[in-house]
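Lettering of chains follows the sequences in order, A, B, ..., and the numbering in each one begins at 1. Everything quoted here is computed from the prediction, not taken from an experiment.
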Amino acid sequence: RIMRPDDANIAGNVHGGTILKMIEEAGAIISTRHCNSQAGEPCVAALARVERTDFLSPVCIGEVANVSAEITYTSRHSVEVQVNVLSENILTGAKKVTNKATLWYVPLSLKNVNKVLEVPPIQYARKEQEDEGKKRYEEQKLDRLETKQRNGDMIFPVINAEPHTVGYSQSSLIHLVGPSDCTLLGFVHGGVTMKLMDEVAGIVAARHCKTNIVTASVDAINFHEKIKKGSIITISGRMTFTSNKSMEIEVFVDADPFFNDARGPYRAVSAFFTYVSLSKDGKPLPVPQLLTETEDEKRRFEEGKGRYLQTKAKRQAQMQQAAQQ
Amino acid sequence: RIMRPDDANIAGNVHGGTILKMIEEAGAIISTRHCNSQAGEPCVAALARVERTDFLSPVCIGEVANVSAEITYTSRHSVEVQVNVLSENILTGAKKVTNKATLWYVPLSLKNVNKVLEVPPIQYARKEQEDEGKKRYEEQKLDRLETKQRNGDMIFPVINAEPHTVGYSQSSLIHLVGPSDCTLLGFVHGGVTMKLMDEVAGIVAARHCKTNIVTASVDAINFHEKIKKGSIITISGRMTFTSNKSMEIEVFVDADPFFNDARGPYRAVSAFFTYVSLSKDGKPLPVPQLLTETEDEKRRFEEGKGRYLQTKAKRQAQMQQAAQQ
Amino acid sequence: RIMRPDDANIAGNVHGGTILKMIEEAGAIISTRHCNSQAGEPCVAALARVERTDFLSPVCIGEVANVSAEITYTSRHSVEVQVNVLSENILTGAKKVTNKATLWYVPLSLKNVNKVLEVPPIQYARKEQEDEGKKRYEEQKLDRLETKQRNGDMIFPVINAEPHTVGYSQSSLIHLVGPSDCTLLGFVHGGVTMKLMDEVAGIVAARHCKTNIVTASVDAINFHEKIKKGSIITISGRMTFTSNKSMEIEVFVDADPFFNDARGPYRAVSAFFTYVSLSKDGKPLPVPQLLTETEDEKRRFEEGKGRYLQTKAKRQAQMQQAAQQ
C-alpha cells in the first residue's frame, strides 16, 4: 500500500512499527489460509515469534510497500513464514529491499481458543529445505524458553533525571485494546503490539538524541501470552546501550485484563529495538553516550554491548563469506 | 468534514476513494432511516449498486467536504439515493461541486440477513419524477444482470514485465476485514470496498505513468455478493485502455470467507476506474499508451475504447442539449 | 456519522472523547469560515476554551451522531460557538440530545501564526443576546486567567500502590504528534487533545472501579499554549474525588517540542473529567471510595467535593427554575 504522512516521522521516513504491522498482517493471512486448507476445525493463526529483523533501507512517504509472504517450514503445530518487503518509488520505478522477516504462527481453534490444532504439512522442493527448517524450528524453541525466564524485570520512573541518563529518556504509554486491534478470536494482533512497541522505543531514542531517528533492527520477539480485547496495556521502554552510532532500547509490554480476570497485570512481551540517528541527507549521526548510574544500568549496558559486538561479528562473517563466493 | 493529510496523495489532492466512502456512508444513513420509518421489522440498508460517478473537480487538504443526500425513488425492495458533494474552501468561502452520485440500497432484515424487506414508498412532487425513477430502476436492473455474467475473469502476476505493458503496472492488495469495516449486520460497508478499489486503481495508474494522478470517474459498480467480517479480501487491478489523456483500470474484489464457509473464494465486486494525470498546476498531462500483448489484452483495449467513445459521445450530446436550452 | 466499534468501549457506549473531537471539528469549521468571511488576511480559528460540557445520554455503536453548530457571540478577537449533538437511532428513529457545548475560538493569521486577527461582528436578533454574550465572554476571560496560575502541579508515579488509592489508578500516555493531528497551521487540533485526555481519564476511572465506565461531564478546558507538529505530548491523569456514584479525574497535558525548541516541556492544557460507572442495563453503579493518603491528596479531595457540591446545587436551582416556569 501507499505510505501516508501519518505512517512517517517529520523527516518523511516511515515508522518501523508500520512496516512490522504490515509484515505481521501478511504472515497472519498466509498462515491462517494454509491452516484452513484442509477440511477440519476452522482456526486462526496467532503470532508466536518474530525472528531478528533488520531494516535495510528507510521507506518514505509516497512510496508503495510491496509485501510478499511464503511458508517456508511447518512443524506439527507451527508454521514458519518468510515475509519480504520491497519499497517502490512509483515515480522513478526504483525498488529497494526493505525487510526480510521470519515469523512463527500457531493455529488456534475458533471454537476453543486454548486448543492448538495440527498444521497441514507443506511439500519441500529439496530434502535440505526441510532439514534446515527443522534446525531453525529447534533453535527458536530453545530461545523461547530462555526469554520466558528473564521476563520479570520492571521499569521504575525517575524524577528530575539528567539528560543522557537512562531515567531521562525512558517512556511509557498506555493503550486500551479496542476491537480493531484484535483478531477474530478477540486477542490483540501481534502486529499491533509491535507497532506500539516501536512507537515507545522511537520516543525513547528521540528523547535521548533529540534528532531524527529510524528503526535499524528488532531483536527476536516472543509472544508468550495472549492479550484479550478490553485489556489495558502498558508499553514501557528504556535505553540499555549506546555505541558510537546506535542506541539499543528495551521494551516491555504489560497487560492488565482488568475486568475479565482476577490474576492482575502480567508481562506479555519484551524485546530490544536498535535505532540510529540520521542527518537530513540520510547519513548516520553520532549518538550521545548513555550515562549509566546504578549497578543494574551498568550491567544492562555491558549486556547490550555483548549483543552489539555479537551482531557486528556475525555481520562481518557473512560479508567475508559473501566476498569469498 | 475537514480533509486531512492522510486523505490525500503527495500533491495534496484527496483520494477519490475517500470521497466514495463518504458518499456511501451518507447514502447508507438516509436509506436505513427511511426503511425503518414505518413500524415493522428493523433493517439495515445494504449497498447494491453505485451508478457511474464523475469527479468534477479535485478536493484538497484543508477543504471541508459537505455531503448531502436525498431519496429520489423507491421500488418495492430498493431505494435510490442521490448524493451531492460540495467542497468548500473555508478560507476563501469558494464552493465547487465535486460529485453527484446515485446509489441503490436494499433493506436487509436485522434478524435474518438473507431476507429483503419492503421499502415504504415515498411521495413524488410530480408524476414524471416517479416515471423517470422507474425507468432508471429498470435500466440498472438490466445492467446488474449483465455484469453478473462477465465476472469470471482473473488477474495473473507477470514477472519482469516491460514498462507500459499491462503486466508492468498491475497490482494487488490483500486486506483482512476488521470490525470497523463492517455494518451492524457484520458485512463490509460498500464504501470501504470502494476506497480499497480506488487505492489499487491509483497504484496501477501511478505505476503506468509515473506522475501525479487523480480519479476522474468510476463506472457503475454492482455489489452482487456480501463480504463477511473476518474474510480475507484480495483487490486486484489492471489497466485495460488508455486514451491520450486518460487511463481505464479494471478492478476485481475477491473474498475468501475462509472459516465460515466451504465454498472458497468468490468474486464479490468488479468495476472500471478512469484516472487522469495532472501537472503541478492541475492541468491534464498526456498519458503513455498502453502496450497490449495478448489477444485478451487487445480485446479488452477495444472494449475500453468503446466505453470511452460512448461516454465522450454522451457528454457531447449533453453539452449540446445544455447549449440549446 | 455512524458510530463504529472502534469509537466505543466494550459495553458499546461511544467514548466521550470521540464526541468531544466531533464537537471541536464542527466548531473549528464554522468559526474559520466566519473569520474568513470578509476580505482580509486568511486565518485559521484555533480553540481557546471549551465551557463545561455534560454528557446527557450515552451514544451507542450503530447510532448516527448529528452535529450542528451556531455562532452565538463575537468579541473583537474571539468567537463563541454553540454546538449541539443529537444521537439518532436510525432503526427506531429515536433521537436524544447528547451534548450542548460552548467553545471559544481565536483567529490566527495563516502567514504569521502569532498574530491574532479581528473577528467580523455578527448581527444579533435582540439586544439582550449581545449583552448575555458579553457577560459570558467576561466570565470566561476571568476563569482563563485563574487556571493559568494553578497550572504548575505535576503527577509523580507511585510504585506498588494499594487498590483505590490515588497512586493505584493514575495513568499516563505519550503520543508523538503526527500530521493528521494538526490544523493547516501545524498545531494540534483541540479536539485531538481532548480525545486523548478522555482516553487517559477513562483508563484511570476503569482501573479504579474495574467496571464499565462512561464520561458524565468535562469541566471548562483552557488551551493556553499551542502544541506544534512533531512534539511529544504526555497526558497524565489522577483521581481527585469520588462521590457515591461519580469519580472526578484531573488530566494534565505536557508538550515537549523536543527538536524545535530550546525551552523544554511545558504544561499545555489541564482539565477535570467526571465519570460514572454503569451496569449492563445502563444504571449508575456505586463507586468505591477514593483512599487519600498525603496532605495534597486530601486537599484535592476537598476541592473536588467543593466542585461536586457546587455543580449539584446549580443543577437543582436550574430544575426548580424550570419547574416554576
query = Highest number of heavy-atom pairs under 4.5 Å with chain B: which of C/D181, C/V44, C/T32?
reply =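 Sorted descending by pairs with chain B, the first entry is C/T32.
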query = chain B heavy atoms under 4.5 Å from C/I30: which part of the residue, side chain, backbone, both or neither?
reply =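 Neither; nothing under 4.5 Å.
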task = Using non-hydrogen atoms and a 4.5 Å limit, figure out which bit of C/C182 sits close to chain B: side chain, backbone, both or neither.
result =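 Contact with chain B is absent: no heavy atom of C/C182 under 4.5 Å.
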inquiry  = Is it the case that over 12 heavy atoms from other parts of the model lie below 6.0 angstrom from the NZ atom of C/K100?
reply    =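 No, the 6.0 Å shell around NZ holds no more than 12 heavy atoms from other groups.
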request  = Against chain C, label B/C43 side chain, backbone, both or neither, depending on which of its atoms sit under 4.5 Å from a heavy atom there.
outcome  =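 Just its backbone gets close to chain C.
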query = For the candidates B/I29, B/T183, B/V67, which exhibits the highest count of non-hydrogen atom pairs separated by less than 4.5 Å from chain C?
reply =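 With the most close heavy-atom pairs to chain C, the winner is B/I29.
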query = If you count heavy-atom pairs under 4.5 Å between each of B/R33, B/H34, B/E25 and chain C, which one has the most?
reply =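 Heavy-atom pairs under 4.5 Å are most numerous for B/R33.
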message = If you compare all heavy atoms of C/N36 against all heavy atoms of B/L91, which two are closest, and at what distance to 0.1 Å?
response =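 Nearest heavy atoms, C/N36 then B/L91: CB-O, 2.9 Å.
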